[in-house]
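Hydrogens, waters and symmetry mates play no part in the numbers below; they use all other heavy atoms, side chains included.
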Amino acid sequence: QVTLRAGAELDARRVNQYTLTLRAACPGEDEVEERLFVRVLAEPALRCDTPFASAGRSRGKWGERGPWVPAGTGYPQPCCAAGGDVVQVLADVAPRTPLYAVLPQLLGGLTVSGGCPRAHRPHRQEQLRNHDTPLTLTRRGLVLAPASGFDPSNDNQTFRLEIEVMDRHGHNCSGAVRVEVLPSRRPRVTFLEPQWDVTVPESTRPLEVVTQVRASGDNVRYAILAPVAPALFTINEVTGEIRSTHRLPVAHTHLLIRAYNALRPADHATATLNITVQGMDWQAPSCIPAISVSQVPETVSPGSTLVTLRCTDSSGTEGSLHYALEGSSASHFRMEGPRLQVNATLDYDSEAVAAVGFQFTATVVVTVGGQPPRSTRVPVLVTVTPVNEFTPVCPNGTAFTVPATAAFGSVVGRVAGTDRDYPPDSLEYSLEGGPGPAQPFSIDTRTGEIRVVGPLDSQQHKGYRLTVQLTDTHNDLDLTKRRSCLCNVAVRLQAVPDQSPVCAPEVQELQITAGWGGRQPVTRLACQGSPDSAVLAYAITGGNEDGCFRLEGNTLFYLPNDLAEPRTFVLLVEVWVSSSTPRRSTMVALVVHVTPRSTLVPPTTTTQHTTLRKEPLVVTRTESVWHPPAWFVAVLTVSGILLLATLGCTAWSLLCR
């Protein structure tokens, strides 16, 4: 690989070819020599073509007019030397629109920079506002319109840019671009009339349309210039509708309205609107507040004042006003002059109050005399909040009975506490001391259900006495205000009577071969007592007259003797719980076939299990029940009432005679 040495410079005008001699050799072979010719070519000159090129020195590529014809606005400035390319644009061109492209293609290693940017207005140079060009030249050679657009009020603006193009070797050329801004052809925003006079009645309600202003132009929007923060009116910026924001007082108001182009705010016009509010001879009373919203606890006492209304008529007096209540909840309140007071207890703990969402609504009607009488209605909303008034109550005589052998998780019973606060019976349950060896129970915090969570010691305890704490929840706005009580719960242990052991199977048929020497195991009985930990005792009660068998625990052994012929033994084994009184036992039958060793029978032991089949007993009972339909019951009831009424009338007639 042959590379150019760092720092080396090639100049085709001085040396246009280099000859390199290359030698290469592999181990054990002869050296090979070759020559490499490197030719240096001169770069093409960088120049700028007309009409972009200026009088400056030109050694580079040409500038080109871009495809953009629209233009933007700018500020007039003094002009440089004449010449260069010319672009004409309209004054309403969009901000940052490309106006000219020095190099429309990819620049590669070229750099574009602007120099001596100038603008002039041939006819009115005295109106210059600043000497900085608003145009922008990008690194890619694009001339952009100003960021805020051109000022459409200034006509025939001209801007000149002298631009230098430089490549990576420092070669450059320069040119000039002159941007001429022409007047906009779009219609200007104009009001149809510079002034309006509008008269509205004093009874105009809030958000009612007062009038509508209109202006001609493109993308017209409306705004109120004065007063800066209008208190009585608002304008729709799209339609120009003016609405009232409050009940209008008798007054004269002047509004200064501006109409403007939403895309070009500099294009705008103003107009004056005079609004006269005419008063009425008779006006309904005015009340403060117009709506009464209050929140009170359920323990508020009757006679308490919720709100005091400040009402006046059109003359500003209060003495001729009359106050009255109406509505579905009016009976809970009363009016004492302008004061709204509680008339009856507002009980939160009732289904009727819960049905209305714990809110009472009414309307205060304020009437002033005259012909006709005029009135104002003030809506009233009163929200009742809960107060934790009552302590939870324990159930009477809570006692439960549970078997002494109850398993883990068995249900003992449920403690049903009560609470009069709403929501009713919203209680939490807890067990004083918690579960433990001395108290093997737990309680569900929501339902109050007690369960067994440990072994029950019936030998040391005949029962357990538990203390359950009841605590109410969600009965007060202040969650820390809670009430609780302690309940005594008795749990009695029910003794489970001893039952006979259960053996499986109850009948076994066995076959063994008598051996020589010591005792020989025959089988092991599988029996279970109640409770499971009970100790069982075993004894052979029949069929062992020769003493050929012996029981050790639940294992049966055969004692070899001089048996010459095969023989079958039928043994009866009694199994009972050793500690039970009275004694409850189970009999197991064992049929043992013994074969002497001299007989050609394989020395094996075969066990056959026989299970006695118990036929199920099915009992069928049929009950006849007649359920009459509802209409029959109603007809029968009405007929009985009519019959009784007829008999009564007959008896009364006889007595009167």
Side-chain angles (χ1 to χ4, degrees), residues 287-309 323-336 338-364 377-398 413-432 434 442-450 466-489:
C287 294
I288 298 175
I291 299 177
S292 174
V293 179
S294 57
Q295 178 176 291
V296 296
E298 63 174 322
T299 55
V300 61
S301 59
S304 301
T305 300
L306 301 180
V307 64
T308 300
L309 300 179
Y323 300 85
L325 276 172
E326 65 180 18
S328 58
S329 303
S331 60
H332 295 84
F333 309 98
R334 67 188 181 202
M335 294 299 300
E336 291 291 337
R339 295 185 301 276
L340 176 65
Q341 297 181 346
V342 178
N343 187 46
T345 302
L346 305 178
D347 188 10
Y348 186 94
D349 308 318
S350 66
E351 294 294 337
V353 178
V356 296
F358 309 102
Q359 292 181 337
F360 297 95
T361 58
T363 302
V364 179
R377 298 176 181 272
V378 179
V380 175
L381 175 64
V382 179
T383 302
V384 181
T385 59
V387 176
N388 195 356
E389 301 175 86
F390 306 102
T391 301
V393 179
C394 299
N396 295 328
T398 306
R414 178 177 176 273
V415 179
T418 58
D419 188 6
R420 294 170 55 190
D421 288 306
Y422 192 92
D425 304 335
S426 57
L427 301 174
E428 284 183 358
Y429 299 84
S430 60
L431 199 60
E432 290 287 315
S442 69
I443 189 168
D444 191 293
T445 57
R446 293 191 305 106
T447 63
E449 190 176 71
I450 300 176
L466 309 179
T467 301
V468 178
Q469 182 177 6
L470 276 61
T471 306
D472 55 13
T473 60
H474 310 296
N475 298 132
D476 200 297
L477 283 182
D478 186 0
L479 298 181
T480 60
K481 294 181 180 180
R482 305 176 65 180
R483 295 173 179 262
S484 61
C485 69
L486 298 178
C487 306
N488 294 323
V489 178

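In this structure Asp349 satisfies the side chain to side chain donor-acceptor pair (under 3.5 Å) test with no other residue, sequence neighbours excluded. Shown here are the side chain to side chain contact (heavy atoms under 4.5 Å, CB included) partners of Pro379, two or more places apart in sequence or in another chain: Ile291. Listed by chain and residue number, His332 satisfy the ring-ring contact (aromatic ring centres under 6.0 Å, His included) test with Phe360 (two or more places apart in sequence, or in another chain). Qualifying salt bridge (charged side-chain N to carboxylate O under 4.0 Å, His left out) partners for Arg482, counting only residues two or more places apart in sequence or in other chains: Glu428. By the salt bridge (charged side-chain N to carboxylate O under 4.0 Å, His left out) test, Arg377 is found to be paired with Glu326, residues two or more places apart in sequence or in another chain being considered. Residues that satisfy the ring-ring contact (aromatic ring centres under 6.0 Å, His included) test with Phe358, not counting sequence neighbours, are Tyr348, Tyr422. With sequence neighbours excluded, the residues that form a side chain to side chain contact (heavy atoms under 4.5 Å, CB included) with Arg483 are Asn388, Thr391, Pro392, Asp472. With sequence neighbours left out, Ser426 forms a side chain to side chain donor-acceptor pair (under 3.5 Å) with Asn475. Not counting sequence neighbours, the partners of Pro302 by the side chain to side chain contact (heavy atoms under 4.5 Å, CB included) test are Thr345. Residues that satisfy the side chain to side chain donor-acceptor pair (under 3.5 Å) test with Arg420, not counting sequence neighbours, are absent from this structure. Listed by chain and residue number, nothing satisfies the salt bridge (charged side-chain N to carboxylate O under 4.0 Å, His left out) test with Glu432 (two or more places apart in sequence, or in another chain). Residues passing the side chain to side chain contact (heavy atoms under 4.5 Å, CB included) test with Ser484 are Gln469, Thr471, sequence neighbours excluded.
Here CZ of Arg446 is found 12.5 Å from CG of Leu427. Values are rounded to the nearest 0.5 Å. In this structure, OG1 on Thr467 lies 5.0 Å from CG on Asn488, to the nearest 0.5 angstrom. Distance check: Asp425 CG to Thr418 OG1 gives 6.0 Å after rounding to the nearest 0.5 Å. Here the straight-line distance linking atom CG of Leu381 with atom OG of Ser292 works out to 8.5 Å at 0.5 Å rounding. Rounded to the nearest 0.5 Å, atoms CD (Gln359) and CD (Gln295) are 9.5 Å apart.
In this structure, Gly303 and Arg334 approach most closely via the heavy-atom pair CA-NH2, 3.3 Å. Taking every heavy atom of both residues into account, Asp347 and Ser350 meet most closely at O-OG, 3.7 Å. The two atoms that bring Asp421 and Glu389 nearest to each other are OD1-N, 3.2 Å, heavy atoms only. Shown here for Val342 and Ser301, the closest heavy-atom pair between the two residues is CB-O, 4.0 Å.
Looking only at side-chain heavy atoms (C-beta outward), Val468 and Leu431 come within less than 4.5 Å of each other. Put simply, the side chain of Asp419 does not reach to within 4.5 Å of the side chain of Val393, judged on heavy atoms. Considering only heavy atoms from C-beta on, Leu306 comes within 4.5 Å of Phe333 through its side chain. Counting heavy atoms from C-beta outward, Val415 and Pro395 have side chains that approach closer than 4.5 Å. The shortest distance between side-chain heavy atoms of Leu325 and Leu340 falls below 4.5 Å.
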Are Glu298 and Leu346 close enough, and set up right, to give a side chain to side chain contact (heavy atoms under 4.5 Å, CB included), and what steps lead you there?
-> CA-CA 5 Å; Glu298 63 174 322; Leu346 305 178; 5.5 Å; no
For the pair Ser328 and Thr361, evaluate side chain to side chain contact (heavy atoms under 4.5 Å, CB included) and give the outcome as yes or no after the intermediate values.
-> CA-CA 7 Å; Ser328 58; Thr361 58; 4.3 Å; yes
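Only one option out of Asp478, Val300, Thr299 pairs with Val387 in a side-chain contact (heavy atoms from CB on, under 4.5 Å); it is Thr299.
Formation of a donor-acceptor pair under 3.5 Å by the Thr385 side chain with backbone atoms of Val296 is found in this model. In this structure, the side chain of Tyr429 engages the main chain of Gly417 through a donor-acceptor pair within 3.5 Å.
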